[in-house]
Amino acid sequence: MTNKLYRLPESCDFSMAQNSSTSSHDCSPQLLDSTINPFVGILINAPEEIIWTKDPVTGEYISGKPRLMVSGVVKLKYSYMGFNGNFSIKTLLVAVNKKTAKSYDGKMIFPDFLPQPKKKFKADIFPITGLSEISLNSPVANYFNIDLIENLGIPIDDATYIVYAILGEFKSNALTIKTKVK
């Protein structure tokens, strides 16, 4: 889907996304002409449909297990909510099963070998010394990749989900994702 401010790639390989990473890839929402782009908010992209097998064979899935990746970008003022431009770890992803209305939510999960981010960001982590008021109010973009199975705990089952992301007062576009087991 293309808009004047962004593009959501349609024919791409979501399996290339690494869970809980802040890297952009071919499936990440693309902000067009980002130097002067007035877009502020959250965008997500995901496959419209995913088919899982009942008995996954090691090698069929990355890490031998099924995944359902959602890739996104958050572009907000650097100083928004005191996060100092570090929005991807605070963005909450929500998936609602259309049939049952059961909702699942979660954020990026960091591997055990990486330190968990501090709850409050201190100036020594993201120095703001010397930043002007213009810099603090300038939008910055963060990318994120989240696995709905690992991070949100959605079941491997036939279902249709409405998926969106939220951070503070901002809500992303909503996507419909169908999952099937065969």
Side-chain angles (χ1 to χ4, degrees), residues 1-32 39-76 80-81 83 87-111 141-182:
M1 180 172 120
T2 302
N3 172 304
K4 290 181 181 180
L5 302 177
Y6 62 86
R7 185 174 83 77
L8 299 178
E10 294 175 9
S11 297
C12 58
D13 185 2
F14 281 92
S15 71
M16 299 306 292
Q18 181 181 350
N19 188 29
S20 294
S21 74
T22 56
S23 301
S24 67
H25 62 95
D26 289 344
C27 297
S28 297
Q30 299 171 355
L31 299 176
L32 304 177
F39 175 83
V40 174
I42 309 169
L43 291 170
I44 59 170
N45 195 22
E48 290 180 7
E49 181 178 66
I50 191 156
I51 300 172
W52 296 308
T53 59
K54 287 183 183 180
D55 298 313
V57 177
T58 302
E60 183 177 340
Y61 299 109
I62 292 180
S63 303
K65 58 186 178 180
R67 301 181 337 144
L68 177 49
M69 295 304 298
V70 173
S71 298
V73 64
V74 181
K75 184 179 176 192
L76 300 172
Y80 183 72
M81 293 182 69
F83 293 148
F87 309 120
S88 56
I89 63 171
K90 298 294 186 180
T91 301
L92 182 72
L93 202 67
V94 178
V96 180
N97 183 311
K98 278 182 83 170
K99 184 177 181 181
T100 66
K102 181 169 174 138
S103 66
Y104 304 85
D105 62 69
K107 297 178 182 178
M108 290 200 308
I109 299 171
F110 293 91
N142 287 174
Y143 289 90
F144 61 90
N145 299 287
I146 298 177
D147 181 358
L148 297 184
I149 297 170
E150 186 173 339
N151 298 43
L152 277 64
I154 69 163
I156 299 169
D157 204 357
D158 293 349
T160 301
Y161 294 96
I162 303 298
V163 180
Y164 58 92
I166 55 176
L167 179 64
E169 66 195 66
F170 291 92
K171 180 181 174 187
S172 74
N173 54 316
L175 300 175
T176 300
I177 303 172
K178 293 180 182 180
T179 62
K180 293 182 182 180
V181 180
K182 70 174 197 174

Margin query: Using the ring-ring contact (aromatic ring centres under 6.0 Å, His included) criterion, which residues pair with Tyr104? Sequence neighbours excluded.
Written below: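 Checked Tyr104 against ring-ring contact (aromatic ring centres under 6.0 Å, His included); zero matches.
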Next item on the list: Go through the structure and list residues passing ring-ring contact (aromatic ring centres under 6.0 Å, His included) with Tyr143, not counting sequence neighbours.
Entry: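 For Tyr143, no residue satisfies ring-ring contact (aromatic ring centres under 6.0 Å, His included) once neighbours in sequence are set aside.
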Margin query: Is there a side-chain contact (heavy atoms from CB on, under 4.5 Å) between Asn45 and Phe14? Walk through the geometry before answering.
Written below: CA-CA 9 Å; Asn45 195 22; Phe14 281 92; 3.7 Å; yes
Return the set of residues passing side chain to side chain contact (heavy atoms under 4.5 Å, CB included) with [X] (not counting sequence neighbours), or none when no residue passes.
{"X": "Asp13", "result": "Ser15, Met16"}
{"X": "Thr100", "result": "Asn97, Lys102"}
{"X": "Ile162", "result": "Lys98, Ala174, Thr176"}
{"X": "Ser103", "result": "Val96"}

Checklist line | Which residues share a salt bridge (Lys or Arg N to Asp or Glu O under 4.0 Å) with Lys180, sequence neighbours left out | finding: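 In terms of salt bridge (Lys or Arg N to Asp or Glu O under 4.0 Å), with neighbours along the sequence ignored, Lys180 is linked to Glu49.
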Tell me, please, which residues at least two apart from [X] pass side chain to side chain donor-acceptor pair (under 3.5 Å).
{"X": "Thr91", "value": "none"}
{"X": "Asn151", "value": "Asn19, Ser20"}
{"X": "Thr22", "value": "none"}
{"X": "Gln18", "value": "none"}

For residues [X] and [Y], report the shortest heavy-atom separation together with the two atoms involved.
{"X": "Met81", "Y": "Gly168", "answer": "SD-CA, 3.6 Å"}
{"X": "Ile146", "Y": "Lys107", "answer": "CD1-C, 4.3 Å"}
{"X": "Ala95", "Y": "Val163", "answer": "CB-CG2, 4.0 Å"}
{"X": "Pro29", "Y": "Gly72", "answer": "CD-CA, 3.8 Å"}
{"X": "Met69", "Y": "Ala46", "answer": "O-CB, 3.9 Å"}
{"X": "Arg67", "Y": "Ala17", "answer": "NH2-O, 2.8 Å"}

Checklist line | Charged tip of Lys75 within 45° of Phe39 ring normal and under 6.0 Å | finding: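 Judged by the rule (NZ or CZ under 6.0 Å from the ring centre, within 45° of its axis), Lys75 is not positioned above Phe39.
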Next item on the list: Not counting sequence neighbours, list each pair that qualifies as a salt bridge (Lys or Arg N to Asp or Glu O under 4.0 Å) and has a residue in residues 147-169.
Entry: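 Matches after skipping sequence neighbours: Lys65-Glu150.
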Euclidean distance, [Y] [atom2] relative to [X] [atom1], rounded to 0.5 Å:
{"X": "Ile44", "Y": "Ser172", "atom1": "CD1", "atom2": "OG", "answer": "4.0 Å"}
{"X": "Thr160", "Y": "Lys178", "atom1": "OG1", "atom2": "NZ", "answer": "5.5 Å"}
{"X": "Tyr6", "Y": "Leu43", "atom1": "OH", "atom2": "CG", "answer": "5.5 Å"}
{"X": "Ser88", "Y": "Lys90", "atom1": "OG", "atom2": "NZ", "answer": "10.5 Å"}
{"X": "Trp52", "Y": "Ile156", "atom1": "CH2", "atom2": "CD1", "answer": "6.0 Å"}

Next item on the list: For side-chain contact (heavy atoms from CB on, under 4.5 Å), just list the numbers for Leu167 and Leu92, CA-CA rounded to whole Å, side-chain angles, deciding distance to a tenth of an Å, and then say yes or no.
Entry: CA-CA 6 Å; Leu167 179 64; Leu92 182 72; over 6 Å; no
Taking the side chain as C-beta and beyond, is there a heavy-atom pair between [X] and [Y] under 4.5 Å?
{"X": "Thr53", "Y": "Val181", "value": "no"}
{"X": "Tyr164", "Y": "Leu175", "value": "no"}
{"X": "Arg7", "Y": "Pro9", "value": "yes"}
{"X": "Phe144", "Y": "Ser71", "value": "no"}
{"X": "Asn145", "Y": "His25", "value": "yes"}
{"X": "Val73", "Y": "Phe87", "value": "no"}

Note to self: Tell me whether Asn142 contacts the main-chain N or O of Val74 through its side chain, where contact means a donor paired with an acceptor under 3.5 Å.
What the structure shows: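 No: the side chain of Asn142 does not pair with the backbone of Val74.
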Margin query: Donor-acceptor pair, distance only, cut-off 3.5 Å: does the side chain of Thr179 make one with the backbone of Ala159?
Written below: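 Side chain of Thr179 to backbone of Ala159: a pair is present.
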Notebook entry, point to check: Do other residues, nucleotides or ligands put more than 12 heavy atoms under 6.0 Å from the CG atom of Asp105?
Noted result: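 Yes, the 6.0 Å shell around CG holds more than 12 heavy atoms from other groups.
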Notebook entry, point to check: Given the rule in the side-chain contact (heavy atoms from CB on, under 4.5 Å) test, do Val40 and Leu76 qualify, once you have shown the distances and angles that lead to the verdict?
Noted result: CA-CA 5 Å; Val40 174; Leu76 300 172; 3.6 Å; yes
Notebook entry, point to check: Only one of Leu93, Val94, Leu68 forms a side-chain contact (heavy atoms from CB on, under 4.5 Å) with Leu152, so which one is it?
Noted result: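 Running side-chain contact (heavy atoms from CB on, under 4.5 Å) over Leu93, Val94, Leu68 with Leu152 returns exactly one hit, Leu93.
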